[in-house]
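See below for the structure under consideration.
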Amino acid sequence: MTRPLPDRPPDGSRRRRPRLGRPTRQDAVSGFVTGLFSIPEGMAYASIGGFNPLVGLYSGMVPTSVGSLLSRTVLMTTTLTSAIALTSHSVLADAGLDADDPANLATLTVLVGVVMLLLGVLRLGSVMSFVSNAVMTGFTTGIALQIVAGVIGDATGYETERHNTIAKVVDGLVHLPQWDLASTAVASATVLCWWAAHAVRRLRAFAVLIALLVVSVGVAVLRVDVREAGDIGAIPRALPLPVLPDVSAVPALATGAVAIALVALAQAAGIGAAVPNPDGSRSNLSGDFTAQGVANIAGGFFRALPTGGSLSRTGVATSAGARTRWAGVFAGIFLAVLVLVAGPLAERIPMPVIGGLVVVIAGELIVGRVPDIRLVLRTGALPAAGMVLTFLATTQLALQYAIFLGAIVSLVLFCVNAQRQARLVRLERDDDGRWRAADVPAEVAPGSVVVLHYEGVSLFAEMARLDETWPDLSGARRSVVLLDVRTMPDVPSSTIVKALLRRAGQLRASGSRLVVVGADHVLAGVFERTGLTAALRPGDVRPGTSVLLEALDAAYDEAVAWVARAPDPGPPGGVIPPG
């Protein structure tokens with residue numbers, strides 16, 4: 001089997017690993033803007049998850065600086081996201097633990113960091129490939145709806161008593177006359193202010209920040225009576241004090257920590273492709289896993305919620321001129337300085353403003369997924385069913401179960417698609433020596449040489465389709481079946497090997513041969529250990545060569561010569577020993 005080449009740039013040179021680099025003026029400016037932006041967005045995301053907005057601020061300090069120092073994707077910003085906040089609260093609630101207890105938060109965040117770190121150290125970056133686009137689309141869309149449902153009270157002043165996400169949204173719409181006029185007006189003004197700033201290209205990256213400042217000042221000047229962030233919790237002019245995890249909470253949170261890690265890593269997986277390293281160095285998913293793991297372990301001791309790579313915060317940083325990883329380091333530092341200097345001022349931020357910003361964030365999330373939703377719906381019924389099932393699970397179940405269910409759905413979709421793609425193709429060599437694809441014959445005729453090419457992933461579920469297309473061997477006498485396995489994985493399914501053993505026995509009993517062509521040394525070793533090599537004639541497991549189809553040509557010529565030595569295959573039902 002052909003081995004994948006190492007990931008290299010187009011010019012073929014080997015890209016270097018990212019370096020620490022020197023901070024630039026642009027990095028400092030970007031860090032300040034990102035840190036300032038983290039105040040409303042961090043508070044909003046924490047509020048989305050049902051946490052004190054203060055921990056949203058803490059989640060943008062230590063984790064952001066540590067993650068930026070270590071990340072293999074240089075400009076990636078590690079911080080709290082809406083999906084992580086929602087999943088974290090769901091995990092704590094499911095475990096029956098107080099979400100406002102700093103020790104519980106520390107335990108959860110450190111556990112998430114340990115899971116990420118292990119995935120990174122074990123180089124399991126490819127684990128993200130097990131979550132399909134269809135499933136991730138359903139999950140993200142469900143998260144967006146959960147975000148909207150979670151801020152109905154902040155944005156409208158109406159507190160729904162429903163617990164189901166869809167029921168919350170429906171209940172909020174049904175009780176529209178009970179919405180508080182002042183809260184609804186402030187939230188609407190926030191959305192309109194964001195829209196106006198977003199419409200100006202130069203202001204687009206700062207639209208959320210502008211909406212926060214303008215509407216908050218307007219509410220203060222006009223003395224509008226609405227709920228404020230300080231009503232939820234005080235924001236002291238101080239840095240987070242260290243806190244130790246509660247070891248006794250580990251068993252209750254371990255499974256949920258894995259789910260949160262998968263959510264965070266899935267969100268961060270595409271940042272490397274979307275934001276290439278400016279210095280031309282190489283991004284690496286496993287390296288990013290390690291960086292996010294260390295960032296969470298460090299942040300857990302300083303009251304941070306679980307964090308991961310944030311595409312939105314990374315976008316803010318790059319739009320503000322980030323050039324090196326120091327932009328992220330500065331972002332965490334500047335956020336800490338801003339809290340120290342102006343922490344109490346953040347208490348005056350109206351909650352309807354945060355509610356309006358959260359609605360904007362959810363709306364952008366949904367709009368950003370519309371192309372993917374259309375793509376999945378047009379791809380086929382199975383991907384569409386997987387997307388809808390994951391969406392429903394995300395809105396009806398605890399999020400940690402929804403992401404596990406999504407992973408299972410992804411694997412089922414893969415297995416079904418792989419099973420559908422598996423097939424045998426007959427190859428025929430023309431007079432010019434070129435191989436052409438043809439239909440598989442219904443049977444192997446006496447004294448014939450039939451060449452079959454296997455296409456598939458060697459999944460056990462493929463056998464039903466392969467059995468349907470495999471030619472009937474009852475009439476094979478002094479015949480040869482050449483099976484080309486160039487594309488078979490190094491570790492084939494035992495079901496496939498068992499089927500080959502059965503057919504090798506059928507052919508040998510009728511004086512015929514099964515010849516396996518194109519196996520690499522690993523696959524040949526599997527055939528030898530499982531007894532397939534012993535069931536064939538010596539030399540009938542033929543390795544491939546560096547020249548495409550060279551081994552098949554040689555095997556075919558030898559098979560034709562072997563059959564020619566006995567032109568008369570004998571009467572039907574006769575058994576001729578192999579010669």
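These numbers were taken from a predicted model, which means no experiment stands behind them. Numbers here simply count residues along the sequence, with the first being 1.
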As an exercise, state the distance from [atom1] of [X] to [atom2] of [Y], rounded to the nearest 0.5 Å.
| X | Y | atom1 | atom2 | result |
| --- | --- | --- | --- | --- |
| H198 | C193 | NE2 | SG | 13.0 Å |
| I354 | M43 | CD1 | CE | 4.0 Å |
| M76 | S68 | CE | OG | 8.0 Å |
| Y45 | T79 | OH | OG1 | 9.0 Å |
| L124 | L118 | CG | CG | 9.0 Å |
| L92 | I260 | CG | CD1 | 7.0 Å |

Tell me whether [X] contacts the main-chain N or O of [Y] through its side chain, where contact means a donor paired with an acceptor under 3.5 Å.
| X | Y | result |
| --- | --- | --- |
| R303 | L241 | yes |
| D288 | T73 | yes |
| D27 | R323 | yes |
| W179 | G172 | yes |
| Q292 | G309 | yes |
| T109 | A106 | no |
| N284 | G287 | yes |
| D180 | T156 | no |
| T64 | G332 | no |
| S310 | T77 | no |

Is there a side-chain contact (heavy atoms from CB on, under 4.5 Å) between I373 and M387? Walk through the geometry before answering. CA-CA 8 Å; I373 293 173; M387 178 181 67; 4.1 Å; yes

Give the minimum heavy-atom separation between [X] and [Y], together with the two atoms involved.
| X | Y | value |
| --- | --- | --- |
| A99 | H89 | CB-CD2, 3.8 Å |
| I84 | A264 | CD1-CB, 3.6 Å |
| N277 | V74 | OD1-N, 2.8 Å |
| I349 | L212 | CG2-CD1, 3.6 Å |
| A336 | L239 | CB-CD2, 3.6 Å |
| A257 | L111 | CB-CB, 3.7 Å |

Has D225 got more than 12 heavy atoms of other residues, nucleotides or ligands less than 6.0 Å from its CG?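 Counting other residues, nucleotides and ligands, CG of D225 stays at 12 neighbours or fewer.
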
Around atom CG of L181, are there more than 12 heavy atoms of other residues, nucleotides or ligands at under 6.0 Å?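 Incorrect, the count does not exceed 12.
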
How are the rings of F32 and F334 set relative to one another: parallel (under 30°), tilted (30 to 60°) or perpendicular (over 60°)?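 It falls in the perpendicular class, over 60°.
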
With under 30° as parallel and over 60° as perpendicular, where do the rings of W326 and F330 fit, or are they tilted in between?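 The rings of W326 and F330 sit tilted, inter-plane angle from 30° to 60°.
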
Are the charged groups of K168 and D171 less than 4.0 angstrom apart, N to O?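 Result for this pair is no, no salt bridge flagged.
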
Any non-hydrogen side-chain atom of [X] less than 4.5 Å from a side-chain atom of [Y]?
| X | Y | answer |
| --- | --- | --- |
| L305 | F51 | yes |
| L176 | Y158 | no |
| S71 | T78 | no |
| P352 | T190 | no |
| L265 | M116 | yes |
| R325 | L75 | no |
| W194 | I210 | no |
| L375 | P371 | no |

Strictly by modelled atom types, are S38 and R313 linked by a side-chain donor-acceptor pair under 3.5 Å?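 Judged by distance alone, the side chains do pair up.
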
With no hydrogens and no angle check, do the side chains of N104 and T107 hold a donor and an acceptor under 3.5 Å apart?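 Short answer, no.
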
Candidate pair D94 and V91, rule side-chain contact (heavy atoms from CB on, under 4.5 Å), full reasoning: CA-CA 5 Å; D94 191 61; V91 168; 5.8 Å; no

Given side-chain contact (heavy atoms from CB on, under 4.5 Å), test I39 with L36 step by step and report yes or no. CA-CA 6 Å; I39 293 178; L36 190 61; 4.3 Å; yes

Given P306, P63, S59, the one that forms side-chain contact (heavy atoms from CB on, under 4.5 Å) with N296: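 The option that passes is P306.
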
Hey, mind stepping through M136 and R369 against side-chain contact (heavy atoms from CB on, under 4.5 Å) and telling me if it holds? CA-CA 10 Å; M136 204 61 205; R369 280 296 179 180; 3.9 Å; yes

